[in-house]
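As structure tokens, the structure follows; a few thoughts come after it.
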Amino acid sequence: MSQDYTAVIRTLGKAGDKYQATLDSLCSQTIAPTEIIVYLAEGYDAPVETCGKERIVCVRKGMVAQRALDYREAVTNYLLFLDDDVFLPPDAVEKLFEELDEAHADVVAPCVFANHKASLRHKMAAAITFREIPLLFSSKWGFKVLPSAGFAYNNKPKQRFLKSDTNAGPCFLCRKEDFLKIKFKEDLWLDEESYSLPDDQVMFYKMTLAGLRQITSYDSGIVHLDAGSSVSDSSQRIYKIIQSEYRNKLIFWYKYIYKSRKHIARLPAVLAIGYAYAIQGLKFAMLSLLGNSQKWNAYKSGVSSAIDYIRKNGK
């Protein structure tokens, strides 16, 4: 397996020290990148942070738009996709290549969001709404998409890597030709809202539908530094997150879960999404009765927007 790769980073140029940490850690790899290409959103200033080896390309702004590219600038077979706030230990890329080869996989992503380490309270709340469900007795899967458009995760991963059909998006490694198979440009609808989530889930699940074999790495040591964590949870931001999530997730469910099934096999998916949205809507409705109508209004707006989109574009 050739281990030549290009590191491709999407950014707004505002991650500061975390972006610098990303660049420095790339330059410290035991298998160095052939090139570092930074895809900067148009209209944003180039970051002052640098390692002296990166090349900046300006592209349309958007979490999907800045990733759904043809990567003509990259001359290598493999691409290491990164957000601008990821730290990689010196042997991280070497491990990713080793695990790709050992698993005979096409895509590898590190587990940078450790759902299995969340509190019991969080796990229970997420499981009740079918958002995130722990796989209590399975050592076979790392992450698996649910019929509700949520996902299941291995609650006690003991192996270095596990097969998955979705992953976290801040970092992953695959062939350029394999990434292009999923035609991610078809999903720019995710960028129509203030927040594009669940863009990672859409992208990785399309890889599964395209027949690409995915694994999740649990021993790479790669860390998501989360440059967006300091953003305040303002009332307006919470509204936009809820509206975006329930709009985009319902469209994702229809396009890639419901429509990928045939006839009676669609029934479990309908029941799962119906339950998930009903119980979440009930929670928001109860909050509204108690005087907090913001989340209920955001939920209704998101669902209504999704239904309109599906009616116009669903065939």
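In what follows, every heavy atom counts, from backbone to side chain, and hydrogens, waters and symmetry copies are set aside. Just so we're clear, the structure is a prediction, and the values are computed from it rather than from any experiment.
Aromatic ring centres of Phe204 and Phe172 lie closer together than 6.0 Å. Ring centers of Tyr309 and Tyr254: at least 6.0 Å apart, outside the cut-off.
Taken to the nearest 0.5 Å, the OG atom of Ser234 stands 8.0 Å off from the NZ atom of Lys240. Going from atom CG of Leu188 over to atom OG of Ser196 covers 10.5 Å, rounded to the nearest 0.5 Å. Atom-to-atom distance recorded for Ile241:CD1 and Gln236:CD is 11.0 Å, nearest 0.5 angstrom.
Here the side chains of Val38 and Thr11 are in contact, with some heavy-atom distance below 4.5 Å. Under the 4.5 Å side-chain criterion, counting only non-hydrogen atoms from C-beta, Asp165 is in contact with Tyr205. Using a 4.5 Å heavy-atom threshold, the side chains of Pro47 and Gln20 count as separate. When side chains are defined from C-beta on, Tyr5 counts as touching Ile31, because their heavy atoms get closer than 4.5 Å. Considering only heavy atoms from C-beta on, Leu82 stays 4.5 Å or farther from Val8 through its side chain. Between Glu245 and Arg131, the closest side-chain pair of non-hydrogen atoms falls below 4.5 Å.
Using cut-offs of 30° and 60° for the angle between ring planes, the His224 and Phe113 rings count as perpendicular. Using cut-offs of 30° and 60° on the angle between ring planes, the pair Phe81 and Phe179 is tilted. Using cut-offs of 30° and 60° on the angle between ring planes, the pair Tyr246 and Phe284 is perpendicular.
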Arg175 and Asp106: salt bridge (charged side-chain N to carboxylate O under 4.0 Å, His left out), yes or no, with the steps?
CA-CA 7 Å; Arg175 297 179 189 88; Asp106 302 302; 3.4 Å; yes
What do the steps show when you test Glu94 against Thr30 for side-chain hydrogen bond (donor to acceptor under 3.5 Å, both in side chains), and what is the final call?
CA-CA 7 Å; Glu94 183 177 353; Thr30 54; 2.7 Å; yes
In sequence, state the C-alpha distance, the side-chain angles, and the governing distance for Glu102 and Lys95, and then conclude on salt bridge (charged side-chain N to carboxylate O under 4.0 Å, His left out).
CA-CA 10 Å; Glu102 186 176 338; Lys95 284 184 176 179; over 6 Å; no
Before giving the answer on salt bridge (charged side-chain N to carboxylate O under 4.0 Å, His left out), spell out for Lys206 and Asp187 the whole-Å C-alpha distance, their side-chain angles and the decisive distance to 0.1 Å.
CA-CA 10 Å; Lys206 287 190 74 173; Asp187 299 286; 2.8 Å; yes
Could you walk me through whether Arg55 and Glu35 pass the salt bridge (charged side-chain N to carboxylate O under 4.0 Å, His left out) test, one step at a time?
CA-CA 8 Å; Arg55 175 160 60 112; Glu35 189 175 14; 2.7 Å; yes
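By the neighbour-count criterion of 12 heavy atoms within 6.0 Å, atom NZ of Lys255 is densely surrounded, having more than that number from other residues, nucleotides or ligands. Within a 6.0 Å sphere centred on NZ of Lys176, heavy atoms belonging to other residues, nucleotides or ligands number more than 12. For Arg160, the CZ atom sits in a packed shell: over 12 heavy atoms of surrounding residues, nucleotides or ligands are nearer than 6.0 Å.
Taking Gln159 as the reference, Ser139, Leu162 meet the side chain to side chain contact (heavy atoms under 4.5 Å, CB included) condition, with sequence neighbours excluded. With sequence neighbours left out, the side chain to side chain contact (heavy atoms under 4.5 Å, CB included) criterion links Leu69 to Tyr39, Val59, Tyr71.
A donor-acceptor contact closer than 3.5 angstrom links the side chains of Thr216 and Ser164. Counting only N and O atoms by type, the side chains of Lys295 and Tyr239 include no donor and acceptor under 3.5 Å apart. At a cut-off of 3.5 Å, with distance as the only test, no side-chain donor of Gln201 or Thr166 sits close to an acceptor on the other residue. Thr22 and Asp24 form no side-chain donor-acceptor contact under 3.5 Å, judged by distance and modelled atom types alone. Between the side chains of Gln294 and Ser235, at least one donor N or O sits under 3.5 Å from an acceptor N or O. A donor and an acceptor atom, one from each side chain of Asn167 and Gln214, are located under 3.5 Å apart. Remark: the Thr6 side chain and the Thr76 side chain contain an N/O donor-acceptor pair separated by less than 3.5 Å. With hydrogens and angles left out, the side-chain atoms of Gln29 and Ser25 include no donor and acceptor closer than 3.5 Å.
In the hydrophobic clustering, where aliphatic and aromatic side chains (Ile, Leu, Val, Met, Phe, Trp, Tyr) are joined below 4.5 Å either directly or transitively, Met124 groups with Leu120.
Side chain of Arg60 to backbone of Ala41: no donor-acceptor contact under 3.5 angstrom is found.
If you run side-chain hydrogen bond (donor to acceptor under 3.5 Å, both in side chains) between Asn115 and each of His122, Glu132, Lys123, only Glu132 comes through.
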